[in-house]
Amino acid sequence: MKTDKGRHALVIGGSMAGLLAARILTNHFDRVTVVERDFLPEEPQPRPGVPQAKHVHVLLARGKQILEQLFPGIDAELTAAGAPSVDWAADCLWLGLWGWTPRFPSHVVTHTCSRHFLEWVVRRRLTAYSNVQFLDGTQVRELLTDESRSIVTGVRVHSRNDTQETELTADLVVDASGRNSPLPKWLEDLGYSAPPETAINSFLGYSTCWYQPPEGFQPDWKVLLISYRPPENERSGLLYPVEGNRWIVNLAGVARDYPPTDEAGFLEFASSLRSPSIYEAIKNAKPLGAIHGYRRTENRWRHYEKLSKLPEGLIAIGDAVCAFNPFYGQGMTTAALGALTLDNCLHQQFQRSQNNLTGLTRRFQKQLAHILKTPWLMAAGEDLRWATTEGGKRSWVTQLMQRYMDRVLLLALDHPEVHRTFVEVIHMLKPSTALFHPHILLRVLRQIGASPKEGSSKVMTNSLTHSYNSPALHHER
Ligand SMILES: Cc1cc2nc3c(=O)[nH]c(=O)nc-3n(C[C@H](O)[C@H](O)[C@H](O)COP(=O)(O)OP(=O)(O)OC[C@H]3O[C@@H](n4cnc5c(N)ncnc54)[C@H](O)[C@@H]3O)c2cc1C
């Protein structure tokens, strides 16, 4: 399978994974086409193909770094366009598993803008590449292959502007069509197997409302985060500022304890969290429009890396391969890591075999699977704390990890440097092994030796009184 310096690459889906993959493809192909079924708005606006954009979307610090690497200056552009910046320890009033977490400058700083705003800024940067073309309002209907069905040669598309279907040829087709990707079915239609899937579902539901903060309200935080506490408390909430001097407020419930989407129910759910801080903040704030619900939140991994046969000239990336429980904010950053993996694979590919794409598909899917392992274990490990979660196994290793994490979180209340490491790990700046560094591990062991009973309420209460304290607003129920 020879290409002319990799002539044409085509990406299915113009959301975050598609945009970042397209950016990488500009390094390796003469032309890149992004085919998106939605008409892409000129301004930062929600669109039907990405319904999740109405909900909180935290771009983790590692994702922010990768965006800056791919689009130098984008960070400053986001700031200039009005995206607030947040230090996830200093600016965040966070009721974690055992109590309020310490507040100090952690330098884990990200922008807290809306999802459609972020996507719009990234898309605008990508359109500046002269070898990128967007075909919006166009849906990919099926894959085209050579006669032997062993090489994907393009796609058949349907434009929403007319009734005609057309064929587009490409040397590489990238599926970035999201959680509902039709690729498993397309593969079956071509005589291949669909990938085996792993799904783990904690039955988490979101309700999100946007607010105008009350006039003159000047809190000492930018972010309010009230975590649930398994097994007895299934409810959590997150409030953070976004562009246009607005707050986005998300309420979440696990185990089908879905938050309501009517105003009175939303406020009541907010007031039922482990701390009333979010309720106190929003009770006098002005809601900006309807409250949106979302329940499609299971972790779902399509294991393309396990298929022994796949056609050449095709890869899958982003949520189309692995969609996470959104609670942990990993989707966009993992899509960015996937894009970097694609860059490495293409470099190696073209160095090795001069514009020949043979073998790329399997090599890429295997390398992608490798980077998906850590975020998957983090999300699945947390979801398996709930007895009601379906799928996956509560192995002794998972349980041991959960108990260790409980200890680390308890330690973090009184040790800002431990909290910093925890924040760096969840923002993917450090590997999870950082939480097993001797300076944490030894303290955890000492703590176990010192405390009479694991998780005793005495230990918790002491830690609570040591940590950040301010008025009744911040008390835990
Ligand atoms: C409620 C919720 C909250 C989330 N919160 C976070 C968060 O805090 N942080 C985070 O990092 N991630 C979060 N995520 C995940 C994040 O939205 C995704 O991981 C991220 O958008 C990357 O997804 P994607 O580009 O692979 O797919 P998607 O964003 O789903 O986009 C797929 C695109 O493909 C297009 N498309 C589909 N089929 C076709 C076709 N046949 N032809 C042409 N176009 C097609 C769609 O219109 C769409 O534009 C959240 C997800 C949900 C559901």
Side-chain angles (χ1 to χ4, degrees), residues 10-22 33-41 46-64 66-67 110-116 118-119 122-123 134-143 155-160 165 168 173-183 185-186 204-208 225 238 240 242 248 250-252 259 292-300 302 316-339 368 372 375 379 426-428:
L10 183 145
V11 181
I12 308 171
S15 179
M16 287 305 281
L19 295 174
L20 299 178
T33 306
V34 179
V35 184
E36 168 54 53
R37 69 179 170 195
D38 279 350
F39 288 108
L40 294 168
R47 56 187 181 84
V50 187
Q52 73 268 30
K54 292 175 186 143
H55 298 272
V56 287
H57 261 74
V58 176
L59 177 68
L60 303 179
R62 180 69 184 117
K64 175 183 153 171
I66 299 174
L67 274 197
T110 66
H111 289 296
T112 51
C113 56
S114 68
R115 168 68 168 70
H116 47 263
L118 182 65
E119 181 183 305
V122 172
R123 188 166 69 238
F134 281 86
L135 264 187
D136 65 346
T138 304
Q139 182 170 14
V140 174
R141 287 279 171 88
E142 63 175 341
L143 298 175
V155 293
R156 189 183 310 283
V157 298
H158 174 260
S159 162
R160 287 170 60 187
E165 287 201 342
L168 301 174
V173 171
V174 177
D175 177 29
S177 65
R179 198 183 260 272
N180 298 319
S181 160
L183 185 57
K185 174 163 186 318
W186 289 342
L204 170 92
Y206 270 13
S207 285
T208 299
L225 173 53
L238 171 62
Y240 64 66
V242 295
I248 183 165
N250 162 266
L251 300 179
H292 309 281
Y294 204 99
R295 295 184 183 179
R296 191 75 207 287
T297 57
E298 79 279 7
N299 302 286
R300 183 170 296 278
R302 299 190 176 101
I317 202 163
D319 283 17
V321 177
C322 190
F324 298 96
N325 175 344
F327 196 77
Y328 313 106
Q330 305 178 112
M332 296 189 292
T333 298
T334 311
L337 287 167
L368 181 66
L372 290 173
I426 56 177
H427 276 264
M428 296 193 191

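As the structure lists them, so they are numbered: ligands from 1, and atoms in each ligand from 1. These values consider heavy atoms only, across backbone and side chains, with no hydrogens, waters or symmetry-generated copies.
Here atom 4 (C) of ligand 1 lies nearest to Pro326 when heavy atoms of Pro326, Cys322, Pro375 are compared. Atom 21 (O) of ligand 1 has its nearest heavy-atom neighbour, among Arg296, Met16, Glu119, Arg115, in Arg115. Ranked by closest heavy atom to atom 26 (O) of ligand 1, the top entry among Ile317, Thr208, Asp319 is Asp319. Relative to atom 31 (O) of ligand 1, the option among Ala21, Gly338, Ser15, Ala176 with the closest non-hydrogen atom is Ser15.
The nearest protein atom to atom 36 (N) of ligand 1, hydrogens excluded, is given as Arg37 NE, 3.8 Å; this is a heavy-atom distance. The shortest contact between atom 49 (O) of ligand 1 and any protein heavy atom is with Glu36 OE1, 2.6 Å. Among protein heavy atoms, atom 25 (O) of ligand 1 sits closest to Ala17 N, 3.0 Å. Closest to atom 17 (O) of ligand 1 among all protein heavy atoms lies His57 NE2, 2.7 Å. Considering only non-hydrogen protein atoms, atom 34 (O) of ligand 1 sits nearest to Gly13 CA, 3.3 Å. Scanning the protein heavy atoms around atom 8 (O) of ligand 1, the nearest turns out to be Val58 N, 2.7 Å. Atom 27 (O) of ligand 1 has Gly178 CA, 3.4 Å as its closest protein atom, hydrogens excluded (heavy atom only). Given atom 41 (N) of ligand 1, the protein heavy atom at minimum distance is Val140 O, 3.1 Å.
Checking Thr110 against Arg62 by side-chain atom types alone, no donor-acceptor pair falls below 3.5 Å. A donor-acceptor contact under 3.5 angstrom links the side chains of His55 and Thr208, judged on distance only. Using a 3.5 Å distance cut-off with no hydrogens or angles, the side chains of Thr297 and Asn325 do not pair a donor with an acceptor.
Contact annotation: for Val56 versus ligand 1, heavy atoms closer than 4.0 Å belong to the backbone alone. At a 4.0 Å heavy-atom cut-off, ligand 1 does not touch Phe324 at all.
Here the closest heavy-atom approach between residue Ala252 and residue Phe327 is recorded as CB-CE1, 4.2 Å.
The distance criterion of under 3.5 Å between nitrogen or oxygen atoms is not met by Leu59 with respect to ligand 1. In terms of polar-atom proximity, Ile12 is not counted as a contact of ligand 1, lacking any N or O under 3.5 Å from an N or O of the ligand. At under 3.5 Å, a nitrogen or oxygen of Gly331, whether backbone or side chain, sits near a nitrogen or oxygen of ligand 1. Polar contact check, Arg47 against ligand 1: a nitrogen or oxygen pair lies under 3.5 Å apart. Taking distance alone, with nitrogen or oxygen atoms compared against 3.5 Å, Gly329 approaches ligand 1 more closely than that limit. Geometrically, ligand 1 and Gly318 share no nitrogen or oxygen pair separated by less than 3.5 Å.
Two residues are said to be in side-chain contact when any heavy atoms from C-beta on lie closer than 4.5 Å; Leu183 and Arg302 fail this criterion. Counting heavy atoms from C-beta outward, Cys113 and Glu119 have side chains that stay 4.5 Å or more apart.
Salt-bridge formation is detected for the pair Asp38/Arg47: a Lys NZ or Arg NE/NH1/NH2 atom is positioned less than 4.0 Å from an Asp or Glu carboxylate oxygen. With respect to Arg123 and Glu36, no salt bridge is recorded, no charged nitrogen being found less than 4.0 Å from a carboxylate O.
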Step by step, would you call Glu298 with Arg179 a salt bridge (charged side-chain N to carboxylate O under 4.0 Å, His left out)? CA-CA 10 Å; Glu298 79 279 7; Arg179 198 183 260 272; 3.4 Å; yes
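Using a 4.0 Å cut-off to heavy atoms of Thr138, the atoms of ligand 1 that qualify are 43 (C).
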